[in-house]
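As the structure is a computational prediction, the values presented were derived from the model and not from experiment. Just so we're on the same page: letters track the sequence lines, and every chain starts at 1. When reading the values below, keep in mind they use all heavy atoms of this one structure, side chains included, and skip hydrogens, waters and symmetry mates.
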Amino acid sequence: MKISLKQAALALILTALLQTAVLGAMILDRAHRLENGTDILLKTTPVDPRDLLRGEYVNLTYDMSRLDLSKLEGDTVFKNGESVYVTLTPQAPDEHGEILWEPVGVYKTRPEISGKNVVIKGYIQYAYEWRPQTDPAELGPDGVAHTGDEPTKPCLQDCQMLNITYGLESYFLPEGEGKALEEARDSQSLAILVAVDDGGKAAIKGLSLNGKLSVIEPLF
Amino acid sequence: MWLSVYRRRIDALIDHWAGIGLIDTAVAARLHADIMPKHERHRLPVIMAMLGAVLLSAAILSFIAANWNDMARLLRFAIIIIAMCAAYGLSYVLIKRNLAAFAECSLLLGLVLFGAGINRVAQMYHITAQYADGILIWALGAFLLAVLLPSRAALIGAILLGAGWTILESFTRDSVHWGFLVLWFALSFVTHRRPWRFERHLLVIAIYGWFLSNLAGLGALLNWFAPDYAGVSALTGLWGFLIAAIFAARAYAIAPALRIYGLLVFLSAFFMLPVLFFNAGTHEEFPVAMSLPAPWTVMAFALTAVLAIGATAWENFKTSELAAALGLAALVLLHPLAGDVSHIVIGCFFVIVYFLIAIWLIAYGLKTADRGIVNLGFIAFGAEVLYVYFETVGSLMDNAAFFAVGGILLIALSILLERLRRRLMVKGNGAAA
């Protein structure tokens, strides 16, 4: 199938322009989020020590990475691969004077937010039943189930556990610089400054080590 | 080097023709002058310049690699864009010089750099989105190129990346990934307009890959067991074969690929059904028959009927073939109604049907002069013979005798089937197979 040289030139120029635009849009979208989003601080949690530093990035997980629905407001039944909206609320300042944000609700569609709450969008990697539903007949007069060795809080309805990703699970560093960051993460002295836009999409804006903002990401 | 060897050979031939009087000396001289390379005396400077360009490229790449982490992000981004555009620019130059194969290589390089660019930009700016989304963007970039240019590399890239995208998506979700069908139909439209057979095969493999990777998720949701997977897969293969028959009547170029892979899926899945029946006693807690709800059974049978009637209406199928297609669908869907009939009896019945299918395929392949179908028929026949041998004789003999007899039978069977296949192919085509 032959085409003229002029057609080939136009095709290649259009392709190069569009592909460049796509790559540029990735950067501009992130820059817009950093500049106009709401800043929140998230505490990192230790990662399985068997995870090695892969290449040049550090794995990050947060309290909101694994959610127990029996403790949260919102919807109750989720499937793998679904997108979710998690409501975060600011906590009281910690020993470093930092205000960390914690999850309070999980929804299938973006909820209306009130007060200082922020909504962040994520994707369910894995949704699973983690506690069997309690038979109401097994509840004692104190509202606690006594079926096992120890009394347990009843799980009558919201018995799913969700593993969620938010696009904030990796921080890329030059070779050799990840070790200190990993140690800070595992000793729970690392917090991540995140910018969240109105749609719930988030981007890493900076790193806080031992209560001090040590890295701020430039826009470009 | 090869060109100069070829020229020396031509020179020798010209001298020979002049020597035996086929051409006169004047013509021989003109022929010698014509095949002489025009710029041979400039070869050494050209080679030196090319080597210099290679060294310069290596120096630039080494400098970039050594200082990559110290460069500003925007500079790194600019390097990626320049490299990608340079690859596309080079492909234009090569197209202009009529070097189509090299132009395809350069286009492929540009696409690889686009994919690498997505990865590098994500890494530089800590954009950790769903991995499948990055593959989709890359696939769409390849698709764009395949639409605008008759590039085989771009089309193959788009199909492979699209397949990778749907496989990744199906691993992370419990629902069927319908979005892939939009991309697949768009790729089919482009492929239909190109005269390339390999890409059509790739396209059909991609759609069956989509089906199989989503089947697991669908089955998990509907609580399927092995017979349901086997039965639904067999039906899907049968539908692919019937659709191919309709397409062949309308001379759609994708028909041969759809036919062969549909048959492959059908034969592989149908093969499993008697296996499940014969092994019913080993896992008593699992059902051995399909368990589709009645509405689904009716819909599946109705779809088979529509496709089979369509294939017959376009005069590709005889009435007996229509009846056979409907019979196979009924067998797959309705065998649970056998109730208390022994699993061994049902398994034997399926084995007999399988042999009949294999024989019919050989005849059908000869009738339609399709060597692939003939070979598939022989492979199916041979595979079923081996399975029956393992299932029946295996328990009657000790290990040594079993393997010895099995080996002799296998060799004898392979010789017999190959001789029979060749004889039938010669009769069918009038030429050696």
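- Looking only at side-chain heavy atoms (C-beta outward), A:Leu5 and B:Tyr92 come within less than 4.5 Å of each other.
- Both the backbone and the side chain of B:Ile95 come within less than 4.5 Å of a heavy atom of chain A.
- For B:Ile118, the parts sitting under 4.5 Å from any heavy atom of chain A are the backbone and the side chain alike.
- Distance CZ/A:Phe172 to CZ/B:Arg120: 9.0 Å, rounded to 0.5 Å.
- Among all heavy-atom pairs drawn from B:Tyr125 and A:Leu219, the shortest one is CE2-O, 4.1 Å.
- For chain B, the nearby parts of A:Ala9 are the backbone and the side chain; heavy atoms of each come within less than 4.5 Å.
- Separating the CD1 atom in B:Ile137 from the CE atom in A:Met26 is a distance of 6.0 Å, to the nearest 0.5 Å.
- In this structure, chain B has a heavy atom under 4.5 Å from the side chain of A:Thr165, while its backbone stays farther away.
- In this model, a donor atom of one side chain and an acceptor atom of the other lie less than 3.5 Å apart for A:Gln19 and B:Tyr88.
- Taking all atoms of both residues into account, the shortest heavy-atom contact from A:Leu23 to B:Gly117 is CD2-C, 3.7 Å.
- Heavy atoms of other residues, nucleotides or ligands lying less than 6.0 angstrom from CZ of B:Phe102 number 12 at most.
- Between the CG atom in A:Leu10 and the CG atom in B:Leu149 there is a gap of 10.0 Å [rounded to 0.5 Å].
- Contacts with chain A were tallied for B:Val147, B:Leu145, B:Ile80; B:Leu145 has the most, counting heavy-atom pairs under 4.5 Å.
- A:Thr15 approaches B:Leu144 most closely through the heavy-atom pair CA-CD2, 4.0 Å.
- Heavy atoms of B:Leu107 lying under 4.5 Å from chain A belong exclusively to its side chain.
- No part of B:Leu113 comes within reach of chain A, as not one of its non-hydrogen atoms sits under 4.5 angstrom from that chain.
- Side chains of B:Arg73 and A:Glu217 form a contact here, defined as non-hydrogen atoms less than 4.5 Å apart.
- In this structure, the separation between SG on B:Cys85 and CD1 on A:Ile13 is 10.0 Å, given to the nearest 0.5 Å.
- Both the backbone and the side chain of A:Phe220 come within less than 4.5 Å of a heavy atom of chain B.
- Between atom CD1 of residue A:Ile204 and atom CD1 of residue B:Ile127 there is a gap of 10.5 Å, rounded to the nearest 0.5 Å.
- Taking A:Asp29, A:Val22, A:Ile27 one by one and counting their heavy-atom pairs under 4.5 Å with chain B, the maximum is reached by A:Ile27.
- Of the residues considered (B:Leu148, B:Leu140, B:Leu74), B:Leu148 shows the highest number of contacts with chain A, using heavy-atom pairs under 4.5 Å.
- Summarising the local packing, CG of A:Asp94 is surrounded by more than 12 heavy atoms from other residues, nucleotides or ligands at distances under 6.0 Å.
- Interface residue B:Phe77: only side-chain heavy atoms are found under 4.5 Å from chain A.
- At most 12 heavy atoms of other shown residues, nucleotides or ligands fall within 6.0 angstrom of atom NE2 in A:His32.
- For CZ of B:Phe198, the number of neighbouring non-hydrogen atoms (other residues, nucleotides, ligands) closer than 6.0 Å is 12 at most.
- Each of B:Glu169, B:Met84, B:His126 has some count of heavy-atom pairs under 4.5 Å with chain A, and the biggest count is that of B:His126.
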